[in-house]
Visitor: 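I have a structure here, written as structure tokens, and I will follow up with some questions on it.
If you read the sequence from its start, that first residue is 1, and numbering goes on from there.
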Amino acid sequence: MLVMKIDLRLAPETAIIIAATIESVYNTKACTRREKSLLSISLDIAAKLDAKAVLAKSKRNQFDAKKKLKVTLKHHEADMLELLLLQKVQGIEEPYIKQQIQKTIDDLNQKLA
């Protein structure tokens, strides 16, 4: 069985930004079967990224701050993360945060192609 995995390498600060950006999925309500499936995938992704953000926050020294965190996503999770970020990036005002999100979107897009 072929399991397609996508490895994302995120700077600790970027992992925190991405986790915070998609945090709103925890407050989402799903009604239809399709919405429930999409929400289920979104919640799995949010949980993975929250774990990485917690790890990133614990790495406060200079050496660890430069080390990238590896996030392994299944293909459908990576696709959903890209969609979530594309939805959210429009509403971001802060240029640096928007740039970090856009870099992650571009990276995901390239790996999913």
Visitor: What distance separates L10 CG from D107 CG, expressed to the nearest 0.5 Å?
Guide: 7.5 Å
Visitor: Is the backbone N or O of K98 less than 3.5 Å from a side-chain atom of Q102, with the two atoms forming a donor-acceptor pair by type?
Guide: no
Visitor: Closer than 3.5 angstrom, by distance alone: can the side chain of K52 be matched with the main-chain N or O of K70 as a donor-acceptor pair?
Guide: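 Yes, because the side chain of K52 sits within donor-acceptor range (under 3.5 Å) of the backbone of K70.
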Visitor: Would a single hydrophobic cluster contain both M80 and I105, if residues Ile, Leu, Val, Met, Phe, Trp and Tyr are joined by side-chain heavy-atom contacts under 4.5 Å?
Guide: yes
Visitor: Tell me the closest heavy-atom pair linking A15 and L69, and the distance in Å.
Guide: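 It is CB-CD1, 4.0 Å.
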Visitor: Tell me whether S40 contacts the main-chain N or O of K36 through its side chain, where contact means a donor paired with an acceptor under 3.5 Å.
Guide: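 Checking the backbone N and O of K36 against the side chain of S40, no donor-acceptor pair under 3.5 Å is found.
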Visitor: Determine yes or no for a side-chain-to-main-chain donor-acceptor pair under 3.5 angstrom, with K111 supplying the side chain and D7 the backbone.
Guide: yes
Visitor: Roughly how far, to the nearest 0.5 Å, is CG of L43 from OG1 of T28?
Guide: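 Answer rounded to 0.5 Å: 7.5 Å.
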Visitor: By salt bridge (Lys or Arg N to Asp or Glu O under 4.0 Å), which residues pair with K48, not counting sequence neighbours?
Guide: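 For K48, the residues satisfying salt bridge (Lys or Arg N to Asp or Glu O under 4.0 Å) (neighbours in sequence not counted) are E77.
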Visitor: So how far is it from H75 NE2 to K5 NZ, rounded to the nearest 0.5 Å?
Guide: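 The NE2 atom of H75 sits 13.5 Å away from the NZ atom of K5.
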Visitor: Identify each donor-acceptor pair in which a side-chain atom of residues 81-92 lies under 3.5 Å from a protein atom, sequence neighbours left out, and give them as a table.
Guide:
unit_1, atom_1, unit_2, atom_2, d
E82, OE2, N109, ND2, 2.9
K88, NZ, S24, OG, 2.6

Visitor: Please say yes or no: joined through hydrophobic side-chain contacts below 4.5 Å, possibly via intermediate residues, are Y96 and I18 part of one cluster?
Guide: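 Result: yes, single cluster for both.
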Visitor: Within a strict 4.5 Å, meaning less than it, do heavy atoms of the V54 and D50 side chains meet?
Guide: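 With C-beta onward as the side chain, the pair stays apart.
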Visitor: Any link between L38 and Y26 through a network of hydrophobic side chains (Ile, Leu, Val, Met, Phe, Trp, Tyr) touching at under 4.5 Å?
Guide: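 In one cluster with L38: Y26, yes.
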Visitor: When rounded to the nearest 0.5 angstrom, what is the spacing between CG in L49 and OG1 in T21?
Guide: 10.0 Å
Visitor: Look up atom CD in E13 and atom CD1 in I97, then write down how far apart they are to the nearest 0.5 Å.
Guide: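 Taking CD in E13 and CD1 in I97, the distance rounds to 8.5 Å.
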Visitor: Would I45 end up clustered with L8 when hydrophobic side chains under 4.5 Å apart are linked, directly or stepwise?
Guide: yes
Visitor: Do K103 and T14 make a side-chain contact, defined as non-hydrogen atoms from C-beta onward lying under 4.5 Å apart?
Guide: no
Visitor: Locate the shortest heavy-atom distance separating V25 from A46; write the atom from each residue and the value.
Guide: CG2-CB, 3.7 Å
Visitor: In Å and rounded to the nearest 0.5 Å, what is the CD1 to CG distance from I101 to D106?
Guide: 12.0 Å
Visitor: Around atom CD of E94, are there more than 12 heavy atoms of other residues, nucleotides or ligands at under 6.0 Å?
Guide: yes
